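Computed from a predicted model, the values in this text were never measured in an experiment. Lettering follows sequence order; numbering is per chain, from 1.
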Protein chains: 2
Amino acid sequence: MTKPTNFDLRDFMPYLLNQAADATSREFEPTYKAKYRMLRTEWRVLFHLGHYGRMTAKEICDRAQIHKTKVSRAVSALEQKRFLRRKEQPEDRRHETLSLTASGQSVFATLVEDAQRFDAALMTEFTEQEANQMRAFLIRIAKL
Amino acid sequence: MTKPTNFDLRDFMPYLLNQAADATSREFEPTYKAKYRMLRTEWRVLFHLGHYGRMTAKEICDRAQIHKTKVSRAVSALEQKRFLRRKEQPEDRRHETLSLTASGQSVFATLVEDAQRFDAALMTEFTEQEANQMRAFLIRIAKL
DNA sequence: CCTTATTGGTTACTTTTGTAACTAACAACA
DNA sequence: TGTTGTTAGTTACAAAAGTAACCAATAAGG
């Protein structure tokens with residue numbers, strides 16, 4: 001009855017994805033952590049605002065698939081660092097629009113460069129075509 | 001001086017990897033969490049022991065790239081669940097060899113099936129060739 | 001209007017993780 | 001032997017994440 005299971009963790013996609021994600025994140029984390037004392041979620045929120053301009057916390061939750069409490073905490077932290085500002089919407093006072101301050105934007109600009117440099121370095125071992133396939137694949141898996 | 005940064009998070013590999021890893025893990029987690037009240041690290045340790053037979057905590061750390069405190073805690077938890085057993089090595093009493101108990105092995109067997117089923121379902125949207133490329137790519141990125 | 005959802009966001013409490021300091025066993029070498 | 005260094009693993013404490021309960025504000029239906 002006992003099957004001769006030859007199951008290798010390296011055949012299990014979630015495991016591989018986690019290992020790869022961890023490896024790259026561990027390497028990149030110091031960039032924003034050391035420079036700006038930011039947490040991963042803060043980094044993500046900053047990037048969403050930097051890229052999309054302005055959005056509500058809810059929109060960030062939906063787009064980035066982060067739980068609202070995590071976003072809430074990240075927003076507070078970024079606010080305390082004076083990287084973003086909230087603005088209550090008069091037509092619906094439950095919403096608040098978030099946007100980067102000038103200093104938030106300059107931090108964003110710096111971190112974008114770091115990210116691009118990091119990504120370029122990471123992908124040197126792969127051809128442009130491989131990189132594109134990868135991205136497409138991951139986007140499908142993550143349902144982005 | 002301000003560059004018209006057109007940086008999309010979806011161009012940043014660590015972000016994509018994390019999103020994909022999170023998405024798949026969130027989906028798979030209930031399998032071992034609901035059935036056996038196991039944590040992710042416990043699951044991983046169990047799988048390493050199930051696959052390689054017996055090894056020390058240190059070997060698991062190295063192979064799975066998990067920090068020793070996390071492994072230590074997972075080992076204790078699995079021991080309490082009677083899924084594994086420790087055996088001190090007489091020739092070097094700092095080492096202890098870990099191995100699955102009978103019940104640990106049967107849990108492992110069940111979870112392997114779940115994992116295989118999950119992986120198969122996840123990959124239905126991709127060709128065999130795509131899947132293999134993906135795995136190869138991730139193994140390179142994760143330096144496994 | 002008034003009651004009952006629903007929605008955006010925060011707070012309080014618990015569980016898990018990260019970090020550093022620690023113990024015990026061994027190794028190396030004077 | 002004794003001192004110093006290293007290694008496997010644990011423990012204690014702090015930081016972070018998950019979960020659920022909680023406010024307001026609004027919507028919806030009688």
In this structure, how many angstroms lie between the [atom2] atom of [N] and the [atom1] atom of [X], rounded?
| X | N | atom1 | atom2 | value |
| --- | --- | --- | --- | --- |
| A:Arg40 | D:dA16 | CZ | C1' | 12 Å |
| A:Glu91 | C:dT7 | CD | C1' | 15 Å |
| B:Lys87 | D:dG9 | NZ | P | 16 Å |
| B:Arg37 | D:dG18 | CZ | C1' | 15 Å |
| B:Ile66 | C:dT16 | CD1 | P | 16 Å |
| A:Leu98 | C:dG8 | CG | C1' | 11 Å |
| B:Leu39 | C:dT14 | CG | P | 18 Å |
| B:Lys70 | D:dT11 | NZ | C1' | 18 Å |

Do A:Gln89 and A:Thr97 get their side chains close enough for a donor-acceptor pair, meaning under 3.5 Å?
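Yes.
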Can you name the side chain to side chain contact (heavy atoms under 4.5 Å, CB included) partners of B:Lys35, sequence neighbours left out?
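Per chain and number, B:Lys35 pairs via side chain to side chain contact (heavy atoms under 4.5 Å, CB included) with B:Thr110, B:Asp114.
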Shorter than 3.5 Å, N or O on both sides, protein versus nucleotides 9-12 of chain C: list them out with atom names.
| residue | atom | partner | partner atom | Å |
| --- | --- | --- | --- | --- |
| C:dG9 | OP1 | A:Glu96 | N | 3.4 |
| C:dG9 | OP2 | A:Lys58 | N | 2.6 |
| C:dG9 | N7 | A:Lys68 | NZ | 3.0 |
| C:dG9 | O6 | A:Lys68 | NZ | 2.7 |
| C:dT10 | OP1 | A:Arg86 | NH1 | 2.5 |
| C:dT10 | OP2 | A:Ser72 | OG | 2.7 |

If you measure from the Lys or Arg side-chain nitrogens to the Asp or Glu carboxylate oxygens, is any gap between A:Arg86 and A:Glu79 under 4.0 Å?
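Looking at A:Glu79 together with A:Arg86, the answer is yes, because their closest N to O distance falls below 4.0 Å.
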Whether B:Arg140 and A:Glu130 form a salt bridge (side-chain N of Lys/Arg under 4.0 Å from carboxylate O of Asp/Glu) is what I want to check.
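A salt bridge links A:Glu130 with B:Arg140.
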By nearest heavy atom, map B:Asp92 and B:Lys33 onto DNA chain C; which one lands nearer the 5' end?
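Nearest-nucleotide comparison on DNA chain C picks B:Lys33.
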Where A:Phe7 and B:Ala115 come nearest, the two heavy atoms and their spacing:
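A:Phe7 and B:Ala115 have their closest heavy atoms at CZ-CB, 3.8 Å.
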Sort and list the pairs that fulfil ring pair (Phe, Tyr, Trp, His ring centres under 6.0 Å) and have at least one residue in residues 70-103 of chain A, not counting sequence neighbours.
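Output for this query is empty, none listed.
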C:dA24, OP1 or OP2 - any side-chain N/O from B:Arg93 closer than 4.0 Å?
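For B:Arg93, the contact criterion (side-chain N or O under 4.0 Å from OP1 or OP2 of C:dA24) is not met.
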